[in-house]
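Inspection log for the structure reproduced underneath, given as structure tokens.
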Amino acid sequence: MLQLVNEHICVLNPPKDNLICDRAKVEEILGVPPERVVDVMALRGDSIDNIPGAPGIGDKGSVELIRRFGSVEATLEHAVEVEKKTYRESLLNNREQILYSKSQVTIDCDVPGVDLSDSLLATMTAGEPDLEACRELFTELEFTTLLKNLAQATDRQEKRYVEDAGSLDIVELLSRATPDHPLAFALGDLTAGVAAEQPASPDQAAEDAESSGTLPFEAAADVPPLPPRIALSLKAGQAITTAVDNVRDALASPTLPKAVHDSKSALRLLARQALQLAGVRHDTMLYSYLLDPTYSSHSLPEVALRRLNFPPAGGLAEAADLTGRLLATLVPDIEREGLRSVYEEIELPLAPVLARMEEAGVKIDCDILGRISVRLEHDCERKAAEIFRHSGVEFNINSPRQLAEVLFEKLNLPKPIKYGKGKMVSTAAEVLEELAESHDVPRLVLEYRELAKLKSTYVDALPALVNRCTRRLHTTFNQAGTATGRLSSNNPNLQNIPIRTELGREIRAAFIPEPERLLLSADYSQIELRLLAHFSQDARMIEAFHNDADFHKATAAEVFGVMPSLVSDELRSRAKAINFGIPYGLSDFGLAQNLGIERREAAEYINAYFAKYAGVRDWLEATRQQARRDQKVRTLFGRVRPLPDINSRNYQARSFAERTAVNTPLQGTAADIIKLAMIRIDSELQRRGLKTQMTLQVHDELVFEVPESELDQIRRLVRELMENVIELRVPLKVDLGVGANWRDIKKQR
DNA sequence: ACTCTCACG
DNA sequence: ACGTACGTGAGAGTT
């Protein structure tokens, strides 16, 4: 698709540096086919970080690039295959100057030996944009702003929206909904008219909540909220808005087929109005996600832009209309791609489960965090003073730029061998650890960073996000955010709460249950390696998991040829690093870096590993093979990840796609499995009428808030359901732990 | 809005 | 000859 760039896109840089002219002129001047020049221009400036020393296409120009790559073909190869991001940067930098044309290209005035005369200037013309080509390219590259500009130039689709319909229309409309023509709906901002601001302090929130007596999710404001609105659509271009109350029964009816974009949000919005929602058959956000999991956004406006070439103006009726229109294009694609079962069995039923988890939230002890904050504040100041004393200057330690200046210019510490690709000298932890051997400051900075990070990201941030009504922390799970099928968590992100350092774990102690309750954590033990054993059918690996032995120790024994009883800690940790790296498509370089050993040695380890686990080696190769053939990979449950770069002639892009090809079936299947477990556990909790709340999912772990009286039952239930989600060639193992907070979870069998 | 850094699985 | 594990989200600094 990037070939489109060759044929259709013209990037016009600022006029004083560049000119446009017709293709024949370019060919004449540069002696290369004119359509090639366009790609080179797209790599202008700082974005060419893969060519050390290259001054930027704009200066010494295409000629230098072509020389370095050896041929025009090789140059273009690089240009065309370069990452999306590079394109995005270079194009957006020139946003105002972008033209679209089939007949025009740009060249640079500063190309050595090229003299752009006035006569050439005279040949400059502005061509008509090739809208269709641009639309395809911008969609692919997720240039949503540009896409929007483009779409506005096209005809608006015909629409007939009725505001404030009478109740007769509504009854008529509802009666016509069928499985083939479901009722598409969209909800207005149900919190409109409700105070949105957060409390000044958690204490204040507590007082507010106590005085009001009840704990609604949204606080009542001075002005009563507007009656919530809903938009309904059965036919493209037509939609009706009305008060949600008018369709209360229809929303709750499981037999009235409905379609909505983002059912989880709809469920939560309605739940706050004490409204039921049933009969949702289609969630266009989830359809879009399953079809294109690598797109970063699946919001209604973005999906409408991508799939309908329609930039929404933002109205409620319009949203319902678009949801309906999207169905027509999404549903056939879902069937064609074989995604129906992942949708039906996993994604759609998961949405209400996630809604309940978000609504439940988690409790944190703000007093604990408050005390940690005071302590960290003090420690940070002391650490900073020490750094200033040892370095002889005061500066902003948080600024990588200033820090690099101090370390590498003032203190003259050795710069790392391979640093930045034309960028700033890195001050990342990895680099500072190296420097810590020769100077105090790098070590102090590392310590300062740990304190500062924990304070700003967790200790100070979390209490501010406590909901004033529930007095709990409510994350939002993004169900359509990752390329592999995992969830992500934001606002706050509760999937990256510290655990690896002692100080970090302190923060976990602030995550607590309500009185008379306990926290239960259940995590899948080595699920990705077990899946690797299942997929590869490697006999040794399957055997090891059936024996339920120390898996890393077993690997060490195999790879290093010693008896399991004689495996040292050192050997075990090396084996662990190998096991850790395999699902990521590890390389000798990566392993060497991870273990701090020679690359040669790492390569030997990998060879030894593959000799012992030939089944794994073969599966990795077979998976890459299959990916090359299909240009996509699938999880055990059929979730798809497209791999457009798998056959790229660009080494970097291809290698990346190959690692993705082996990682996604593992990471993605693990995600499918825990999602299924969540659905079954939630369903069983409801069926038994238990008070236990599932509150968090952290990729391979589930967290529950459990009444003491239910503990024994829940332990059995959770383990049973998680371990038996699916039968594989190896057992799935779940570790359980219970505690009075998220830090002091006691693991138990 | 982007870069760098770093928290997690 | 190339660059190097996979997947995320957030805060602070810089532009």
Side-chain angles (χ1 to χ4, degrees), chain A residues 46 49-52 68-70 74 78 85 88-89 92-93 95 145 293-294 296 396-404 418 420-421 423-432 445-446 449-450 452-458 460-462 465 475-478 481-501 503-504 507-508 523-524 526-528 577-578 580-594 599 602 606 641 650-668 670-671 674 696-701:
Chain A
D46 295 341
D49 52 12
N50 291 318
I51 309 137
R68 282 173 175 270
F69 276 87
H78 179 84
K85 200 179 164 203
R88 174 181 290 127
E89 280 169 11
L92 289 189
N93 286 342
R95 172 186 298 192
T145 308
T294 44
S296 56
N396 187 345
I397 306 165
N398 289 323
S399 162
R401 222 195 157 102
Q402 294 183 36
L403 179 61
K418 41 115 208 177
K421 312 141 191 175
K423 303 274 179 189
M424 217 192 307
V425 184
S426 171
T427 65
E430 195 191 335
V431 174
L432 297 188
V445 170
L446 284 168
R449 284 230 181 111
E450 186 188 356
K453 170 82 176 181
L454 295 178
K455 185 168 189 293
S456 68
T457 308
Y458 305 101
D460 291 344
L462 293 179
L465 290 168
T475 187
T476 302
F477 290 105
N478 187 347
T482 74
T484 55
R486 274 188 177 181
L487 300 175
S488 71
S489 156
N490 61 53
N491 193 24
N493 181 353
L494 295 183
Q495 289 180 325
N496 72 346
I497 301 302
I499 193 171
R500 292 174 188 172
T501 67
L503 180 59
I507 293 166
R508 290 207 166 206
D523 62 274
Y524 280 110
Q526 290 167 330
I527 187 165
E528 290 186 15
I578 299 172
F580 182 73
I582 289 286
Y584 298 157
L586 97 168
S587 63
D588 53 3
F589 181 93
L591 185 63
Q593 185 165 296
N594 188 292
R599 185 176 173 155
I606 294 174
R641 172 148 186 197
N650 177 282
Y651 176 87
Q652 207 179 333
R654 187 177 65 246
S655 300
F656 188 65
E658 286 174 354
R659 294 194 294 272
T660 308
V662 300
N663 177 262
T664 295
L666 298 169
Q667 190 183 122
I674 197 167
L696 294 177
Q697 188 251 45
V698 194
H699 310 309
D700 63 359
E701 173 189 13

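Below, chains carry the letters A, B, ... as their sequence lines are ordered, and counting in each starts from 1. Predicted, not measured: the structure shown is a model, and the values here were computed from it.
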*Considering only side-chain heavy atoms of Ala483(A), which listed nucleotide, dG11(C), dG7(C), dA5(C), is closest?*
dG7(C)

*asked:* Taking any heavy-atom pair under 4.0 Å as a contact, classify Pro498(A): base, sugar-phosphate, or nothing.
replied: sugar-phosphate

_Rounded to whole Å, please give me the gap between CZ in Phe589(A) and C1' in dT4(C)._
6 Å

*Look at all strands and tell whether Thr427(A) reaches a base, only sugar-phosphate, or nothing, counting heavy atoms closer than 4.0 Å.*
sugar-phosphate

*What does Asn594(A) touch in the nucleic acid at a heavy-atom separation under 4.0 angstrom: a base, only the sugar-phosphate, or nothing?*
base

*Contact class for Ile582(A) (heavy atom, under 4.0 Å): base, sugar-phosphate, or nothing?*
nothing

*State, yes or no, whether a side-chain contact exists between Val662(A) and Ile582(A) at a heavy-atom distance under 4.5 Å.*
no

*Taking atom P in both dT5(B) and dT4(C), what distance in whole Å separates the two?*
15 Å

*Could you tell me the separation between the CG atom of Leu446(A) and the P atom of dA7(B), rounded to a whole number of Å?*
10 Å

*Just to confirm, is there a sub-4.0 Å distance from OP1 or OP2 of dA10(C) to any side-chain nitrogen or oxygen of Asn493(A)?*
no

*Classify the nucleic acid contact of Ala452(A) as base, sugar-phosphate or nothing, counting any heavy atom under 4.0 Å across all strands shown.*
nothing

*What is the minimum heavy-atom distance between Asn490(A) and Thr475(A), and which atoms define it?*
O-OG1, 3.2 Å

*Rounded to the Å, how far apart are Gln495(A) CD and dA10(C) C1'?*
13 Å

*Is Thr664(A) near enough to dC6(C) that one of its side-chain N or O atoms lies under 4.0 angstrom from OP1 or OP2?*
no

*Spell out, as yes or no, whether a donor-acceptor pair under 3.5 Å connects the side chain of Arg659(A) to the backbone of Leu586(A).*
no

*When you measure from the side chain of Arg659(A), which nucleotide among dC2(C), dC6(C), dC6(B) comes out closest?*
dC6(C)

*Do any side-chain nitrogens or oxygens of Ser488(A) fall under 4.0 Å of OP1 or OP2 in dG9(C)?*
yes

*Just call it for Arg500(A): base, sugar-phosphate, or nothing, with non-hydrogen atoms closer than 4.0 Å on any strand.*
base

*asked:* From C-beta outward on Asn663(A), which listed nucleotide comes closest to its side chain: dA7(B), dC6(C), dA5(C)?
replied: dC6(C)

*Using purine N1 to pyrimidine N3 plus N6-O4 or O6-N4 for Watson-Crick, or N1-O2 and O6-N3 for G-U wobble, both under 3.5 Å, which nucleotide pairs with dA1(C)?*
none

*Looking at dG13(C), dG9(B), dC6(B), which one has an atom nearest to any side-chain atom of Val698(A)?*
dG9(B)

*How long is the span from the CG atom in Leu503(A) to the NZ atom in Lys455(A), to the nearest 0.5 Å?*
12.5 Å

*asked:* Measure CG/Asp700(A) against P/dC8(B) and give the value in whole Å, please.
replied: 14 Å

*asked:* Between Arg486(A) and dG9(B), is there a contact of a side-chain N or O with OP1 or OP2 at under 4.0 Å?
replied: no

*Expressed in angstrom and rounded to an integer, what is the separation of Asn396(A) atom CG from dC4(B) atom P?*
17 Å

*d(CG, Leu462(A); P, dA10(C)) in whole Å*: 11 Å

*asked:* Regarding dA7(B), can its base be found pairing with the side chain of Asn496(A) as donor and acceptor, where the two atoms are less than 3.5 Å apart?
replied: yes

*asked:* Using a 3.5 Å distance criterion without hydrogens, assess whether the side chain of Tyr458(A) forms a donor-acceptor pair with backbone atoms of Asn496(A).
replied: yes

*So, is Arg508(A) near the phosphate of dC8(B), with a side-chain N or O under 4.0 Å from OP1 or OP2?*
no

*In whole Å, what is the span from the NZ atom of Lys455(A) to the P atom of dA10(C)?*
19 Å

*asked:* Let's test your reading of the model: under 3.5 Å, does the base of dG7(C) pair with the side chain of Tyr584(A) as donor and acceptor?
replied: no

*If each of Asn490(A) and Arg401(A) is mapped to the nucleotide of DNA chain C with the nearest heavy atom, which maps nearer the 5' terminus, i.e. the 5' end?*
Asn490(A)

*Identify which nucleotide among dG7(C), dT5(B), dG9(B) has an atom closest to any side-chain atom of Arg449(A), counting heavy atoms from C-beta outward.*
dT5(B)

*Main-chain N/O of Ser489(A) paired to Asn478(A) side chain as donor or acceptor, under 3.5 Å*: no

*Pick base, sugar-phosphate or nothing for Ala670(A), based on heavy-atom distances below 4.0 Å to the nucleic acid.*
nothing

*asked:* Checking the side chain of Gln402(A) only, and the main-chain atoms of Asn396(A) only, is there a donor and an acceptor separated by less than 3.5 Å?
replied: yes

*For Gln402(A) and dT14(C), is the shortest distance between a side-chain N/O and OP1 or OP2 below 4.0 Å?*
yes

*asked:* Without decimals, in angstroms, what is the distance between Leu666(A) CG and dG7(C) P?
replied: 12 Å

*Are any of Ser456(A)'s side-chain N or O atoms less than 4.0 Å away from OP1 or OP2 of dA10(C)?*
no

*Is Ile497(A) touching bases, backbone alone, or none of the nucleic acid, heavy atoms closer than 4.0 Å?*
sugar-phosphate

_Between dC6(B) and dA5(C), how many Å separate the two P atoms, rounded to a whole number?_
15 Å

_pair Arg641(A)-Thr294(A): side-chain heavy atoms closer than 4.5 Å_ = yes

*Hey, does Ser489(A) reach any base, or is it just sugar-phosphate, or nothing, if we go heavy atoms under 4.0 Å?*
sugar-phosphate

_Please classify the nucleic acid contact of Arg599(A) as base, sugar-phosphate, or nothing, using heavy-atom distances under 4.0 Å._
base

_Any base atoms under 4.0 Å from Ser587(A), or only sugar-phosphate, or nothing? Heavy atoms, all strands._
base

